[in-house]
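Contents: one structure, followed by commentary.
Side chains included, hydrogens not; waters and symmetry mates left out as well; all remaining heavy atoms used. Just so you know, these numbers come straight off a predicted model, no measurement behind them.
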Amino acid sequence: RAGDLRRSPAMPPPPQSIAGKVGRFFSFAAARDRCFSRRFQAAGLRPVSIQLPDSAHPVSVQLPDSADPVTTVHMWVPARPPRNPLVLLHGFGASATWQWYPYLRPLIAAGFDPIVPDLVFFGNSTTRLPDRSDTFQARSIKTALEAIGVTKFGLVGVSYGGFVGYRMAAMYPDAVERVTLVCAGVCLEEKDLAEGLFPVAGVDEAAALLVPRRPEEVRRLVRLTFVRPPIIMPSCFLWDYIKVMGSDHIEEKTELLHALISGRQISTLPKLRQKTLIVWGEQDKVFPMELAHRLKRHLDGNSRLAVIHNAGHAVNLEKPTDVCKSIIEFFQEPIPEASNDERSPEMS
């Protein structure tokens, strides 16, 4: 249970010299964040915040009186009612706008209407409820989509967003028409950590990796997720990034990871009815290729695998053109056909 988890330490303050520089000078991270938001607006999307009704939560929870809504889901939606909605779910790390900005114009040009939510405890989405499960995330996003009139949609999920997307597809098979999972290790088991499949040996270490609090932790994460990470990553820029993008809801994000991994077994993972495209970076060190093949076997011929060469876990950022091309081709197929043939697109 999330409430039983050991409390994670608060994010440490940056050293005084770094803190002074971050406070006095221009914030590169904040500027990039504004730039990505403007790109979303230029692509015809607008931000909305949806307050979920209490009826959206099936379990009654006694909460302290507050004027704040129980759960709020923020998302970027088309200015006009979407005709071909495609929901894009982000992973851990930077906000949804940072992860999906390269995809907007190609998807729109291909006839799709992107809808980009912030998962709960990311961006401007939050809840006062104690549930940290992927089921709660899935229910919250689905309820928010219904609130804007979207009842059927395609779905793309990256990493943690793929876990939530998989759960959405299992819970709402009549609403989720097709699924693309990008480096989403949904078939992992908790025992895999202790057996050495991952670069971490336990849930606490995984949380420390994916919710970095210090520049050296950001460097480790970047070097694990990118095949060609930046050679120089100055601490002043990393402290700025942590302050702007990574200082909110640290404890809750840690609880999300505990709820996701603790006790996880593939035997309890439902099989999807929808046709599924699995996209994976060939050199993924966070979720190794073994998990891609495991997922393909689990779906019993109802999926195909696209392996992106010269890319790691951050394949959506390293190879956005190739990933986007695979997504567009998959969702444009007029008649979904079962295939177990692995595709490995030629990469430059």
Side-chain angles (χ1 to χ4, degrees), residues 85-89 91 133-139 141-142 151-193 195-198 259-284 286-309 311 313 315-316 322-345:
L86 186 61
V87 177
L88 308 177
L89 299 180
S133 67
D134 55 353
T135 298
F136 175 78
Q137 291 273 15
R139 187 185 303 116
I141 299 301
K142 176 64 166 56
T151 57
K152 288 185 179 291
F153 49 90
L155 190 150
V156 183
V158 171
S159 194
Y160 177 69
F163 284 81
V164 177
Y166 193 101
R167 186 63 61 185
M168 285 182 69
M171 292 171 63
Y172 309 108
D174 294 331
V176 181
E177 296 177 319
R178 290 190 234 184
V179 184
T180 294
L181 303 173
V182 183
C183 291
V186 295
C187 283
L188 72 85
E189 298 185 291
E190 185 179 8
K191 67 179 184 179
D192 291 328
L193 279 72
E195 292 175 357
L197 183 62
F198 304 110
L260 192 70
I261 300 173
S262 296
R264 191 177 186 89
Q265 295 180 320
I266 194 172
S267 60
T268 63
L269 186 70
K271 295 186 179 182
L272 300 186
R273 287 168 31 186
Q274 300 91 334
K275 299 299 178 185
T276 303
L277 173 65
I278 304 166
V279 180
W280 223 270
E282 184 182 36
Q283 299 182 48
D284 192 336
V286 176
F287 292 142
M289 279 294 305
E290 159 61 23
L291 292 180
H293 295 294
R294 191 184 291 180
L295 176 57
K296 186 178 166 187
R297 292 192 298 268
H298 182 72
L299 293 177
D300 285 340
N302 203 29
S303 67
R304 69 169 179 258
L305 173 61
V307 180
I308 309 296
H309 302 301
H313 186 68
V315 62
N316 58 309
D322 300 309
V323 173
C324 194
K325 181 174 181 289
S326 294
I327 291 170
I328 290 171
E329 290 177 352
F330 174 70
F331 283 100
Q332 283 184 336
E333 292 174 0
I335 302 175
E337 294 183 277
S339 174
N340 258 336
D341 296 331
E342 178 176 322
R343 294 196 315 165
S344 297

Mark yes or no for whether [X], through its side chain, and [Y], through its backbone, hold a donor-acceptor pair below 3.5 Å.
X      : Y      : answer
Arg273 : Pro173 : no
Trp280 : Leu291 : no
Lys152 : Asp174 : yes
Asn316 : Val323 : no
Ser326 : Asp322 : yes
Gln274 : Ala169 : yes
Asp284 : Met289 : no

Search all heavy atoms of [X] against all heavy atoms of [Y] and return the closest pair with its distance.
X      : Y      : result
Ala170 : Pro270 : CB-CG, 3.7 Å
Ile278 : Ser303 : CD1-OG, 3.7 Å
Val186 : Arg264 : O-NH2, 3.0 Å
Val315 : Cys183 : CG1-SG, 3.6 Å

Is the shortest side-chain heavy-atom distance between [X] and [Y] below 4.5 Å?
X      : Y      : answer
Arg167 : Phe136 : no
Glu333 : Leu277 : no
Gln137 : Leu89  : no

Return the [atom1] to [atom2] distance between [X] and [Y], rounded to the nearest 0.5 Å.
X      : Y      : atom1 : atom2 : value
Glu282 : His309 : CD    : NE2   : 5.0 Å
Lys191 : Leu197 : NZ    : CG    : 11.0 Å
Cys187 : Phe287 : SG    : CZ    : 11.0 Å
Lys275 : Glu177 : NZ    : CD    : 14.5 Å
Leu86  : Thr180 : CG    : OG1   : 7.5 Å
Ile141 : Phe153 : CD1   : CZ    : 9.5 Å

Could you go through the side-chain contact (heavy atoms from CB on, under 4.5 Å) check for Asp192 and Arg294 one step at a time? CA-CA 12 Å; Asp192 291 328; Arg294 191 184 291 180; 2.8 Å; yes
With Phe198 as reference, evaluate Val286, Ile261, Leu188 under the side chain to side chain contact (heavy atoms under 4.5 Å, CB included) test and give the passing residue. Leu188
Go through the steps for Glu329 and Arg178 under the test salt bridge (Lys or Arg N to Asp or Glu O under 4.0 Å), then give the verdict. CA-CA 12 Å; Glu329 290 177 352; Arg178 290 190 234 184; over 6 Å; no
Taking the six-membered ring for Trp, are Tyr166 and His298 parallel (under 30°), tilted (30 to 60°) or perpendicular (over 60°)?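 Taking His298 first and then Tyr166, their aromatic rings sit tilted (interplane angle of 30° to 60°).
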